[in-house]
Number of protein chains: 2
Amino acid sequence: MPDPGEETDMSAVRHVAPTLEMVAARAGVSRATVSRVVNGSDKVNPASVESVRAAISELGYVPNRAARSLASAQSHAIALVVPEDITRFFGDVFFASIVAGINDRLEQSDYVLNLMVASSDPGAKNSRYLMGGAVDGAVVVSHHTSDHFLERIGDAIPLVFGGRPGLDKIDTWVVDVDNEEGGAVAASRLVERGCRHVATISGPTDMQSANERTRGWRRVVAAAGLEPGPAISGDFTALGGAQAMRELLARYPEVDGVFVASDLMASAALPVLLDSGRRIPEDVAVVGYDDSPHAVQGPVQLTTVKQPSEAMGREMADILLDVLAGNERPWSTILPIELVERDSA
Amino acid sequence: MPDPGEETDMSAVRHVAPTLEMVAARAGVSRATVSRVVNGSDKVNPASVESVRAAISELGYVPNRAARSLASAQSHAIALVVPEDITRFFGDVFFASIVAGINDRLEQSDYVLNLMVASSDPGAKNSRYLMGGAVDGAVVVSHHTSDHFLERIGDAIPLVFGGRPGLDKIDTWVVDVDNEEGGAVAASRLVERGCRHVATISGPTDMQSANERTRGWRRVVAAAGLEPGPAISGDFTALGGAQAMRELLARYPEVDGVFVASDLMASAALPVLLDSGRRIPEDVAVVGYDDSPHAVQGPVQLTTVKQPSEAMGREMADILLDVLAGNERPWSTILPIELVERDSA
DNA sequence: GTGAAAGCGCTAACAA
DNA sequence: TTGTTAGCGCTTTCAC
């Protein structure tokens, strides 16, 4: 109860939430009937529906979530779990698209979304939240192989991963693009335009998807009879991209083609390249990844591999909702990637 | 008497969540004792604590949130409500700082955070969530005067606003900077450096904070004996900033000083100014607002009014937690702003 | 179509 | 210190 304005100030007094029982009394029916109306049962006398509806709006009744959840063993909430720190979450538009996609799907349901962004978990608070029945299931994106806490959560509630988790357990739902194919498409573009010294700036090596892109890149470069250049690991941030490019130029100055595994990193790497006196794409061709807004905000319009991130979000939510409804869905869903051609390669 | 701790539990089976009762049986104590241990009561025999702890970890017990919440009338969760659409939420680092600040404060508590981003509320789903006891309180940022649903929520749970709400009710907690002072500081800078034709690109006119900044700007310009130039309303997005600047130049070509009410808008407005052949700050001086990363990412380093956004987030969370704990806090908390001097003015 | 009654898993008085 | 006993507000059989 709030502090200011004791009994004198009625307006500041916090509302005492009306219960189902109060509605029932007001409408002159049983609690069971009210419950039926609230939950949209069709087996209720129209007259009763009428009076219950009236009582509900008169009293301003809102069902208590905890009680409902306890009785029905369902929370009607799902979580989006992002094991990253806030800065990276907000810094990468990939997440924005994912959230938009999930939200879009959820709007057509009666589920709400809980965002759970945390690289560390002090006191395992978030794990307990997820396992304590606060949500019926979760979507997990940007998953690292070191995030073992997810395994425990995974056998308490259904989890849908965005990008393949590097875990042993594979009996879990995954929505992904063919990352290896993505890396291959990028490398092909470079090779086909005549690059002979092709390197890559990859994502973190503890991320499955990053490694797959690198693998695709390497395969195509080797298949073209070229010696693959260095694969420098970045961290999917702008700063990391610039730094990786500097390192690349130092170690491999003859580079004439680079696949950078995210547009965000690429957008920061481009200026480094230009500052070194190289022209893009004449001296060094660059292919990015994501087709995020960063692709067109830098000094050179980025040729890039497009990920359908919003569609991924929508698909993940769709699968989770379907599974929660008791339907079957295949473990794996692969969405198509495509090359978007611009100026950098 | 449910069977306590069967033998080897196979892994593929999902979710037979152990209850407090099972822990009690396993540990050979009453449910009340287990509850006391779980909630860290000090009045428990160390030996009992020991055996309860053992039983908990053996069974992998996690308390059911719904049950706990129902019985204690507390959810131990708070919400951050952002009445904006996803794109704007992710596009503005102001929100990132707010979330970081809130998170930072929450990590020292046993509360979890629910992010609730939605400009529209289909089926009043989110309102029902907030009012149904799913959270104990909420922090609201980026509030528009048209967001009336918050009034109803406000008398169900305590609300802490970031930025003064334009609502009638003023008996609610608010953490804010002195926006009028901010606008005044910006305008002073412009006037002092000799600008004679001072305009502003403001935020949306349905946002209290935006109007206050404009008021401060107008006051100072008028006090300097100058005729205030146009106040063009932007929407706090990059696109909106560029557009507003184009409109400003068309309507008021003699402009030589502009206060742009957010760095994000300013960063998009600068190129428009440069493209028009004007030099910054020689021909047109620009002062931004926020001191966000955008301030230093554009073609000219932005002189700007710094808002302590992370501190605001932390302060809001601190107040809410304090209020929930039954303590008194003053309705209003004003955090200081300051001018950060760079190149644009 | 409607109501009565039995819980869901937990906390909180009150006894012991 | 510990256990016993009521509920928290809702859903859900199961009779009627």
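A straight line from NZ of A:K43 to C1' of D:dC16 spans 15 Å, rounded to a whole angstrom. In this structure, A:E50 places its CD atom 17 Å from C1' of C:dG1, rounding to the nearest Å. B:D42 places its CG atom 14 Å from the C1' atom of D:dT2, with the value rounded to the nearest Å. Rounded to a whole Å, the NE2 atom of A:H76 is 11 Å from the C1' atom of D:dT11.
With A:W173 contributing its side chain and A:R329 its backbone, the two residues share a donor-acceptor pair below 3.5 Å. Side chain of B:S72 to main chain of B:R68: a donor-acceptor pair is present (N/O by atom type, distance under 3.5 Å, no hydrogens or angles).
In the helix from C:dG1-D:dC16 to C:dA16-D:dT1, the rotation axis of the first five pairs and that of the last five pairs differ in direction by 30°, rounded to 10 degrees.
Between B:T33 and D:dG3 there is a side-chain polar atom (N or O) within less than 4.0 angstrom of OP1 or OP2.
In terms of heavy-atom proximity, A:V23 sits nearest to A:V52 at CG1-O, 4.3 Å. Closest of all the heavy-atom pairs between B:P158 and B:L320 is O-CD1, 3.9 Å.
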(message) For A:V99 and A:F89: C-alpha separation, side-chain torsions, deciding distance, then whether side chain to side chain contact (heavy atoms under 4.5 Å, CB included) applies.
(response) CA-CA 11 Å; A:V99 174; A:F89 180 65; 4.2 Å; yes
(request) Could you walk me through whether B:E21 and B:R26 pass salt bridge (Lys or Arg N to Asp or Glu O under 4.0 Å), step by step? (result) CA-CA 9 Å; B:E21 179 154 18; B:R26 184 88 186 71; over 6 Å; no
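Taking the six-membered ring for Trp and the full ring otherwise, A:F90 and B:F90 have centroids separated by under 6.0 Å.
Screening residues 35-48 of chain A for salt bridge (charged side-chain N to carboxylate O under 4.0 Å, His left out) gives no qualifying pairs among residues at least two apart or on separate chains.
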(request) Could you encode protein contacts along nucleotides 7-16 of chain C as a string, one character per nucleotide from 5' to 3', using B for base contact, S for sugar-phosphate-only contact and - for no contact, with a heavy-atom cut-off of under 4.0 Å? (result) BBBBSBB---
